[in-house]
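Here is the naming used below: chain letters follow the sequence lines, and residue numbers restart at 1 for every chain.
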Protein chains: 2
Amino acid sequence: MGIKELARHLNISIGTVSRALNGHPEVNAETRKRVLEAAAELGYAPDQAGRSLRQGTLNVVALLLSTDLTSKTDTMFFMELSRGIQDQFAEHGLDLVIHLNKPDLDMLDRVKRIVERRQADALILAETRDNDPRLDYLAGRNFPFATMGRSWSGGTHPWMDLDFDFAMRAAIDRLAGFGHRRVALVTGDPGYRLDSMLQDAFRRELAEHGMPLDEALMIKTDTHEEGGYKAMTDFLAMAEPPTAVIFPHYRAVVGAYSYLSETGRQPGRDVAILSCSADTAIAQFMAPPLTCFRLDLYGLGRRLAQALLASMPRFAESYGNALIQEIWPWELVGRDSDGFHVG
Amino acid sequence: MGIKELARHLNISIGTVSRALNGHPEVNAETRKRVLEAAAELGYAPDQAGRSLRQGTLNVVALLLSTDLTSKTDTMFFMELSRGIQDQFAEHGLDLVIHLNKPDLDMLDRVKRIVERRQADALILAETRDNDPRLDYLAGRNFPFATMGRSWSGGTHPWMDLDFDFAMRAAIDRLAGFGHRRVALVTGDPGYRLDSMLQDAFRRELAEHGMPLDEALMIKTDTHEEGGYKAMTDFLAMAEPPTAVIFPHYRAVVGAYSYLSETGRQPGRDVAILSCSADTAIAQFMAPPLTCFRLDLYGLGRRLAQALLASMPRFAESYGNALIQEIWPWELVGRDSDGFHVG
DNA sequence: CTCTATTCCGTAAACGTTTACGACGATAAC
DNA sequence: GTTATCGTCGTAAACGTTTACGGAATAGAG
């Protein structure tokens with residue numbers, strides 16, 4: 001099953017076998033055919049370790065995800081994204097593998113392990129934090145990597161991100177059009193760049209629309225169902241509750257819907273609910289269907305992979321050697337969760 | 001950064017360095033300390049390719065998932081499962097990596113690639129199909145693997161599965177107790193062992209409870225939101241609709257809820273909805289909260305990993321060299337989606 | 001002092017590839 | 001007939017580890 005056996009079986013040298021399999025030009029056409037046939041018949045495939053050892057490359061890109069995702073974010077988002085990444089890499093013979101890890105501190109260790117043991121040729125990080133030490137480490141080692149979501153400093157590494165400024169403007173435009181003036185925002189930990197940007201954009205757009213800013217209407221909490229449930233509970237206990245709530249994180253909406261339903265209220269009638277999340281399958285099947293943002297997650301994944309490839313010396317020329325950092329547009333999908341006029 | 005540099009830096013041989021790092025007994029305590037310190041300081045970690053080449057082991061286990069998961073199943077299920085698997089493997093210094101692949105035919109190629117290129121020491125398959133060629137291939141190559149969900153033949157490989165017989169009995173017991181006699185079942189493609197078992201159990205339990213079996217009430221469709229939506233549409237268009245519907249697949253429930261809401265109906269009042277899925281975070285936040293089954297997904301993942309480890313020569317002795325195949329119990333969590341009496 | 005056992009460490013082979021280098025024969029050029 | 005060119009292939013080194021083997025030094029036993 002090794003290349004040696006294959007060579008012996010064909011009565012040629014291992015060098016020729018290797019050249020034949022790797023498509024080198026200096027091998028006779030008929031010899032190549034014989035080699036390929038024999039390889040297919042005997043089920044030979046080059047050992048990854050041997051090849052990697054020799055040419056220092058593994059044909060594997062790692063995507064590092066935190067197990068937090070299970071509890072805090074929309075797993076669908078990353079699944080769709082991964083599908084795009086995977087397909088793009090496949091065109092270059094690269095495999096995508098997902099590494100799950102405990103969140104926070106261990107993450108740096110895992111990154112170090114991947115780099116130092118050479119478990120992948122490049123790395124994709126999903127969620128970056130303020131002063132994320134992983135970015136410095138990777139940049140210092142000159143290891144190719146990309147991130148989903150820009151980092152705080154912008155950085156000189158490739159990334160893809162979403163246009164949250166646009167989303168927030170579109171959301172508040174829409175709510176203002178319906179006559180809302182007390183709008184609330186429920187985000188997660190502002191230690192994440194995403195939540196920080198959302199809060200900034202929220203403040204700015206409120207000001208632009210001449211709406212009052214009430215800090216009590218900006219709740220930072222967990223981004224899953226329970227966080228949304230509690231946030232909605234708090235809002236409705238206020239002397240003057242908001243008439244509209246923006247939940248950038250989709251899963252929090254589920255909790256909010258739940259509390260509203262329990263108390264006999266209805267989203268889209270008693271309070272407007274709007275999400276800045278991607279329009280994954282469930283949104284249109286909520287009751288009432290959720291207003292959120294349409295986005296080509298699969299395409300985003302592909303483009304993220306392209307950005308990373310463009311930063312890898314081996315593939316850079318195919319992608320114009322450019323540093324690719326893009327902010328992706330999306331489109332507001334108005335549904336019934338916020339479709340009513342106040343006042 | 002190689003072991004050679006490290007050895008030169010310490011003025012000892014690479015053999016001793018290797019032994020020191022790998023905890024072999026025949027090395028002086030003080031030498032070992034020096035080596036470990038220097039390795040930490042210089043950020044040395046053994047190259048995976050070199051090590052793998054030498055000792056034929058990689059310390060990596062692969063979990064193969066289909067990109068279908070995105071559209072068809074509850075991604076949360078596999079995330080929680082993966083977390084358990086990951087933690088169990090970590091105790092033995094193994095990493096879990098997830099390979100995403102297109103469904104169906106390509107899957108066998110991917111499995112072959114993983115085995116032939118030695119990209120992992122063992123493999124976990126998530127969804128097996130009738131006459132799944134991947135199982136035969138792996139067994140033929142004597143490659144360690146385990147599956148989530150038993151295969152059709154039972155097989156001689158380790159697996160974990162859920163007690164769907166129990167679930168179906170508990171579900172129909174409960175519905176019978178509420179007075180239901182026209183109960184429907186919405187499953188996916190019976191080419192999957194899971195759906196096939198559910199249908200069998202459903203028929204059996206109906207008979208045991210003296211309920212009539214109406215084949216029109218057994219719909220096979222997609223297991224995502226849209227499938228549930230359409231199934232519910234079909235049911236309610238019947239001359240004599242079912243009074244209760246069992247949706248083993250959680251995501252189909254979302255679609256069913258959606259249709260009910262659109263037509264002014266309410267789950268748990270106009271029709272009973274019950275799911276045999278695991279009780280993931282969303283179930284209790286649906287409106288009304290969904291009756292389903294409580295399950296320790298994390299523990300299940302750990303146990304699945306143990307079962308696999310027990311089948312790997314390297315680790316077998318720690319686990320008693322046994323073939324581990326287990327059917328896990330779960331517990332019905334009665335909520336409001338089916339809590340009403342008929343007639 | 002001799003012999004043996006023990007502790008520690010260096011040497012070198014091996015794992016399965018890829019590839020630089022050189023060699024061989026055949027063909028073409030003069 | 002000599003030389004250069006080309007196409008094809010074999011040889012061997014190299015990648016970074018681990019580990020079997022043997023050797024040197026020390027200690028203990030007689």
Side-chain angles (χ1 to χ4, degrees), chain A residues 1-36 38-39 42-60 93 112-121 141 314, chain B residues 1-36 38-39 42-60 93 113-121 141 313-314:
Chain A
M1 57 186 70
I3 199 176
K4 267 185 284 195
E5 289 186 52
L6 185 58
R8 191 151 32 83
H9 182 260
L10 287 165
N11 264 335
I12 57 182
S13 75
I14 61 171
T16 304
V17 173
S18 175
R19 279 185 290 259
L21 291 173
N22 293 10
H24 288 222
E26 66 273 46
V27 50
N28 185 290
E30 204 221 344
T31 308
R32 162 167 295 126
K33 193 157 77 76
R34 280 179 55 222
V35 170
L36 290 178
L42 302 186
Y44 168 79
D47 181 291
Q48 196 59 254
R51 161 179 287 178
S52 165
L53 187 57
R54 170 61 216 233
Q55 57 186 15
T57 195
L58 210 53
N59 290 336
V60 163
K112 282 185 177 172
R113 197 144 34 118
I114 292 172
V115 172
E116 288 167 357
R117 315 193 107 142
R118 294 169 198 76
Q119 296 189 123
D121 299 334
R141 301 281 301 224
R314 224 176 358 140
Chain B
M1 58 186 72
I3 199 176
K4 268 185 283 195
E5 288 186 52
L6 185 57
R8 191 151 33 82
H9 181 260
L10 286 166
N11 265 332
I12 56 182
S13 77
I14 61 171
T16 304
V17 173
S18 175
R19 279 186 290 259
L21 290 173
N22 293 7
H24 288 223
E26 67 274 46
V27 50
N28 185 290
E30 204 220 346
T31 308
R32 162 168 295 128
K33 194 157 77 74
R34 281 178 55 219
V35 171
L36 291 178
L42 302 186
Y44 167 79
D47 181 291
Q48 196 58 254
R51 160 179 288 179
S52 165
L53 186 56
R54 171 61 216 236
Q55 57 186 18
T57 196
L58 212 52
N59 290 336
V60 163
R113 199 144 32 119
I114 291 172
V115 172
E116 288 166 357
R117 314 194 109 144
R118 296 170 195 76
Q119 296 189 123
D121 298 334
R141 302 282 300 226
R314 229 182 344 145

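For B/Ile14, counting side-chain heavy atoms from C-beta on, the closest listed nucleotide (D/dG16, C/dA12, C/dG10) is C/dA12. Listed nucleotides: D/dT18, D/dG10, D/dA13. Nearest to the side chain of A/Arg54: D/dA13. For B/Leu53, taking side-chain heavy atoms from C-beta onward, the closest of the listed nucleotides D/dT18, D/dC9, C/dG16 is C/dG16. Side chain of A/Asp47, nearest nucleotide from C/dG16, D/dC9, C/dG10: C/dG16.
Counting distance only, with no hydrogens placed and no angle test, the side-chain atoms of A/Arg51 and the base atoms of C/dT17 include no donor-acceptor pair under 3.5 Å. Side-chain to base pairing of A/Arg19 with D/dG10: one donor and one acceptor N or O lie within less than 3.5 Å of each other.
Atom CG in B/Leu58 sits about 14 Å away from atom P in C/dG16, given to the nearest Å. One atom, CG of A/Leu10, and another, P of D/dG10, lie 10 Å apart when rounded to the nearest Å. One interatomic measurement links the two molecules: CG of A/Asn59 to P of C/dT18, which rounds to 11 Å at whole-angstrom precision. Rounded to whole angstrom, the span from the CZ atom of A/Arg32 across to the P atom of D/dG7 amounts to 14 Å. Atom CD1 in B/Ile3 sits roughly 17 Å away from atom P in C/dA12 (whole-Å rounding). Note: CD (B/Glu5) to C1' (D/dC15) measures 14 Å, nearest angstrom. Atom CG of B/Asn22 is separated from atom P of D/dT19 by 7 Å (rounded to the nearest Å). Counting to the nearest Å, the P atom of D/dT8 and the CD1 atom of A/Ile12 are 13 Å from each other.
Nucleic acid contact class of A/Gln55 (heavy atoms, under 4.0 Å, all strands): sugar-phosphate only. Across all strands, B/Gly15 comes closer than 4.0 Å to base atoms (heavy-atom distances). Among the atoms of the strands shown, none is found under 4.0 Å from any heavy atom of B/Ser52.
Evaluated for a side-chain hydrogen bond (donor to acceptor under 3.5 Å, both in side chains) with A/Asp47, the options B/Arg118, B/Arg117, B/Gln119 yield exactly one hit, B/Arg118.
Between B/Arg118 and B/Glu26, the residue whose closest nucleotide on DNA chain C is further toward the 5' end is B/Glu26. Comparing A/Asn28 and B/Ser18 along DNA chain D, the residue whose closest nucleotide (by nearest heavy atom) sits nearer the 5' end is A/Asn28. Across the interface with DNA chain C, nearest-nucleotide mapping of B/Asn11 and A/Lys4 shows B/Asn11 to be the residue nearer the 5′ end. DNA chain D is contacted by both B/Gly50 and B/His24; B/Gly50 maps to the nucleotide lying nearer its 5′ end (nearest heavy atom per residue).
Checking the phosphate oxygens (OP1, OP2) of D/dC9, a side-chain nitrogen or oxygen of A/Thr31 falls inside 4.0 Å.
For the atom pair CZ (B/Arg141) and CD (B/Glu116), the distance works out to 5.0 Å, reported to the nearest 0.5 Å. Note: A/Arg51 CZ to A/Asn22 CG = 5.5 Å, rounded to the nearest 0.5 Å.
Using a distance-only test at 3.5 Å, with no hydrogens or angles considered, a donor-acceptor pair links the side chain of B/Asp121 to the main chain of B/Leu58.
B/Arg34 and B/Asn28 share no donor-acceptor pair across their side chains, judged by distance under 3.5 Å alone.
Counting all heavy atoms, side chain and backbone alike, B/Ala38 lies closest to B/Leu6 at CB-CD1, 3.8 Å.
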